[in-house]
Amino acid sequence: METVLRKGKQPYFTEEHDALRERVRQFVKKEVSPYISEWEELGTFPVSMFRKMGSLGFLGLRYPESVGGQGGDYFMQMVLAEEINKCGAGGFPMGIAVQTDMATPPILQFGSPYHHEHFLKPAIRGEKIAAIGISEPNTGSDVSSIQTRAVKQGGEWVLNGAKMYITNGTRADFVTMVVRTSDEPGYKGISLFLVETDTPGYSVSRKLDKVGMRSSDTAELILDNVRVPDKNLLGVEGKGFYQIMWQLQGERMIAAASAIGIMDFCYEKAAEAVENRGPAYRRSLLDIKRRIEVCREMTYATAFRYSQGEVPSKEISMIKLLSAQTAHYAAGQALKLLGEEAAGPDHPVQRLWRDSRLNRIGAGTDEVMKEIIAKEIGL
Amino acid sequence: MSHWIFSEEHDMFRSSFKKMIRNEIESRIENWEEDQLIPKWFIARLSELGLTGMTPDREKSMDEVMEAVLMEELAKTGAAGPALVLQEHNNAVSLLDRTNKSKLVPDFLSAALEGKRIGTTVAADPGDMTVKIKEGFFNLNGRLKNVRNGGMADFLILSFFDDDKSGFITVDFASEGITVQKTENMLGWRSSSVSEVEFRNVKISTENLLCQGDEAEKQRRLINDQKRITWSLICTGIAEKALEAAVSYSRTRQQFGSALSEFQSLRHKMADMALNLEKSRNMTYRAVYDSIYNIDSFQRQIVLEEAVSMALHVCDEALQIHGGAGYMMEFPVQRFWRDTKMFDLHLNNIPAEKVVMSL
Ligand SMILES: Cc1cc2nc3c(=O)[nH]c(=O)nc-3n(C[C@H](O)[C@H](O)[C@H](O)COP(=O)(O)OP(=O)(O)OC[C@H]3O[C@@H](n4cnc5c(N)ncnc54)[C@H](O)[C@@H]3O)c2cc1C
């Protein structure tokens, strides 16, 4: 494999990456951080943020120009994820990551020209909000047991069921949805659909009240005889399980990149406050920093393979697990170092301690990651 | 037989107190957390039943072990708030009692013992607040942050350091120049109604001085030692609640065709949680027993560190076992988790006595 690593002091990032990083930083500083506490209170962020980021090209950094993207490499995406996660909350960046890295990659990968035109391009422009619908009230970790059922009637599929914990769910324009299309048990009868939320029978049954990630809205969805045209079937009928397993690898990669932004932010907040308080404090900072650096190196090395088109699921599961635990640990230790003062409602570190807890649950729990790793090492 | 520090009488007390909590408190805890305030009748009711620790008739006051049962059971309401509120009130009462200034008995000590007035204790941060003596008055200016019971207390016992002086004074919240502002949506301990108190040229009679100098130092140590035990007990109570929640959720939630409780990795996780809880519980009970005979700040600090670290672990794992549900406000496990983290944030705040410093 031809190496594209930059020789010299920084192997993963080029000057273009650095320039993007600076642009995203400026954007976060002006357009996100000043409002984030307000959005946390509100339980969501303004729809206009999708438009804004779309017009800046931030929603399609690694998508080809043919679908309206910027044609960048995977490290462009990493830069965006890291930097928006330094806005002082995890919720807003999660809503964006669902748009860029969870709900839309399967459209590029498996979609028809119609899907690209009607869903992917508007999503990249920030004109349509996307969500990813895998989990259900009775099914989280065991994706192959989903119960939402689609039955073919003429040129349409009729969907019935419920989806749970859906990010962006209260205002999505479409949901990339995992649905059962035959009576075959387990992973065999599963397919993907692009479900438009203005279809009759589709409804948001409730907005969920969460302990963290509060600037991101999370919904429970009900599908009551929702008629979806056959052309909205994404990819191959019956292959949905493989397609979603492929999708989850990207979701986990970006979860790791996001976690790095969170840990860097928390570390910096703690360091600013306690660096000068003596050796015991510096020792604690060193302990956090060491873990962050290990996590960063492993994530970048895996991201490099991913950027070359490889999907190393063992390593991806490892960095997903490690980054989730490290981000939450770093936030927790930073919070402890900052002490009582940081327990106040708008302190970003206590917020990120709550927010980063989700990383150990969403996109596959710690335990699910360990199961995958165990299988991958031959158990 | 329960742990050896408990007599039959203690066990009987525990079971009757449990009933009282179930009937009168447990169903209200969600509302108190939401309101970020515990109503005054909570202390009044406990006082009426002789359940605050000290009683007007000292003969009937509880022993240390009984008080421990009280705090642990209160924590099993699933929030630190009620126990913390009672602890702050009790600290104020016992300080008044130990320093015994007859001028302050009717308005403060007696009223507080009867649960008619509620107290709290706070240490002033010299950076935020000045306490100056002028012609028979203390002149107070500045603010106190993170005052527990702030939203409900009638008076405050203020520990201050200023102008080379240090001491404790009793401050009536009704005094002119005091404003109390609740701090909403803290990370945890929400029902303990944490507040910010502002003092603008507040005049407090020097008769309200409880003690100063070495005596004040001694009282500070007693309060911190009491805090160490009480907080260890609260952590024990909340962790027990969290473990129960995890066990019961894992029995009902099905995934991969069986209850979560059937997965060996989760069974081991819960066994580790139970072991950790038991380790800390044994240390805590032993510290309660020892507290009858002596004060050993160092030992108590160790016990507290163990209890906090145990509770962090148990509550974190309990949340994990709930999966996505653990992240939802409607499941109480998120509160156990937030409330225990608050103890962790406060660990550095308990002034480290020489004995700890010498490590
Ligand atoms: C804020 C938030 C946003 C989310 N956003 C989305 C979204 O946009 N789209 C979407 O589809 N989903 C979303 N999710 C759902 C998320 O992916 C699931 O919560 C997660 O996969 C866990 O599933 P569960 O909640 O059903 O937990 P469960 O699967 O019920 O798991 C409960 C516990 O059991 C453990 N467990 C399960 N199986 C095993 C096993 N075999 N061995 C050992 N332990 C096991 C788990 O690790 C966990 O600790 C979101 C969740 C949250 C909280």
Side-chain angles (χ1 to χ4, degrees), chain A residues 40-41 135-145 164-165 185-186 206 208-214 218 220 274 277 280-281 284 325 328-329 331-333 335-347 349-351 353-355 357-358 360-362 364-368 370-371 374, chain B residues 34 36 125 145-146 148 182-190 194 196 253-258 260 263-266 268-269 308-309 312 315-317 319-350 352 359:
Chain A
E40 282 282 302
E41 185 90 1
S135 310
E136 299 182 353
N138 295 327
T139 319
S141 299
D142 182 13
V143 177
S144 71
S145 295
M164 187 63 166
Y165 305 130
R206 59 188 174 131
L208 300 164
D209 190 10
K210 315 186 294 297
V211 69
M213 294 291 196
R214 294 183 67 87
T218 314
E220 182 177 16
V274 306
R277 288 196 202 159
Y281 282 94
S284 305
Q325 295 194 336
H328 188 60
Y329 177 83
Q333 290 302 103
L335 186 52
K336 184 177 172 136
L337 289 173
L338 291 163
E340 201 180 358
E341 289 289 297
D346 289 333
H347 200 288
V349 176
Q350 68 88 6
R351 190 187 284 154
W353 179 72
R354 286 182 288 113
D355 292 356
R357 189 64 183 79
L358 179 67
R360 296 178 44 204
I361 298 168
T365 63
D366 285 3
E367 292 72 24
V368 168
K370 289 182 190 175
E371 282 294 317
Chain B
E34 187 111 338
Q36 314 201 19
D125 178 342
K145 283 186 248 167
N146 298 316
R148 287 189 285 286
K182 247 174 38 167
T183 314
E184 304 258 299
N185 299 329
M186 298 272 292
L187 172 62
W189 294 3
R190 294 202 176 148
V194 171
E196 192 165 309
R253 174 76 176 173
Q254 304 258 332
Q255 212 57 199
F256 298 99
S258 68
L260 300 181
F263 296 126
Q264 196 170 42
S265 64
L266 298 187
H268 288 188
K269 211 191 259 296
V308 172
S309 120
L312 285 173
C315 295
D316 179 83
E317 293 283 38
L319 191 151
Q320 186 68 18
I321 289 167
H322 282 71
Y327 210 65
M328 299 296 129
M329 290 304 274
E330 68 196 274
F331 284 82
V333 69
Q334 50 77 24
R335 185 174 63 240
F336 310 156
W337 174 71
R338 283 185 293 113
D339 276 8
T340 45
K341 184 64 182 175
M342 290 292 282
F343 290 103
D344 194 36
L345 301 198
H346 281 78
L347 271 188
N348 292 338
N349 274 19
I350 301 188
L359 264 181

- request: State the CD-CG distance between A:Glu367 and B:Leu266, to the nearest 0.5 angstrom.
  value: 6.0 Å

A:Ser141 portion near chain B, given a 4.5 angstrom heavy-atom threshold: both

query: Which residue out of A:Gly339, A:Gly212, A:Gly344 racks up the most heavy-atom pairs below 4.5 Å with chain B?
result: A:Gly212

field: side chain to side chain contact (heavy atoms under 4.5 Å, CB included) between B:Asn146 and A:Glu341, intermediate numbers included
entry: CA-CA 8 Å; B:Asn146 298 316; A:Glu341 289 289 297; 4.1 Å; yes

- prompt: Is it the backbone or the side chain of A:Arg354 that comes under 4.5 Å from a heavy atom of chain B, or both, or neither?
  reply: both

- request: Not counting sequence neighbours, which residues clear side-chain hydrogen bond (donor to acceptor under 3.5 Å, both in side chains) with A:Thr139? List them please.
  value: none

message: For the CZ atom of B:Phe256 and the CD atom of A:Glu371, what is their distance to the nearest 0.5 Å?
response: 7.5 Å

query: In terms of heavy-atom pairs under 4.5 Å with chain A, which of B:Ser265, B:Gly188, B:Gly326, B:Gly324 leads?
result: B:Gly324

Taking every non-hydrogen atom, the tightest pair across A:Ala343 and B:Leu345: CB-CD1, 3.8 Å

query: What's the spacing between A:Glu340 CD and B:Leu187 CG if we round to 0.5 Å?
result: 11.5 Å

query: For B:Gln36, what residues pass the side-chain hydrogen bond (donor to acceptor under 3.5 Å, both in side chains) criterion, not counting sequence neighbours?
result: B:Asn185

message: Within the 4.5 Å heavy-atom criterion, are A:Gln350 and B:Met186 side-chain neighbours or not?
response: no

field: Heavy-atom pair count under 4.5 Å with chain B, highest-scoring of A:Asp355, A:Leu338, A:Leu337, A:Thr218
entry: A:Asp355

Residue part contacting chain B, namely of A:His328, when any heavy atom lies under 4.5 Å: side chain

message: Give the interface residues of residues 327-337 of chain B toward chain A, defined by a heavy-atom separation under 4.5 Å.
response: B:Tyr327, B:Met328, B:Met329, B:Glu330, B:Gln334, B:Trp337

- prompt: Any idea which heavy atoms bring B:Glu184 and A:Pro345 closest together, and the distance?
  reply: O-CG, 3.2 Å

- request: Sequence neighbours left out, what passes salt bridge (Lys or Arg N to Asp or Glu O under 4.0 Å) with B:Asp125? Give chain and number order.
  value: none

field: Atom pair CZ (A:Arg357) and CD (B:Gln320), whose distance is rounded to the nearest 0.5 Å
entry: 4.5 Å

task: Could you tell me which of B:Leu319, B:Leu312, B:Asp316 has the largest number of non-hydrogen atom pairs under 4.5 Å with chain A?
output: B:Asp316

statement: For A:Lys336 and B:Leu347, the nearest pair of non-hydrogen atoms, with its separation, is NZ-CD1, 3.6 Å

- prompt: Non-hydrogen atoms of chain B under 4.5 Å away: do they reach the side chain of A:Met213, the backbone, both or neither?
  reply: both

task: Can you see which heavy atom on B:Lys341 is nearest to which on A:Trp353, and at what distance?
output: CB-CH2, 3.3 Å

Between NZ on residue B:Lys269 and CG on residue A:Asp366, distance to nearest 0.5 Å: 7.0 Å

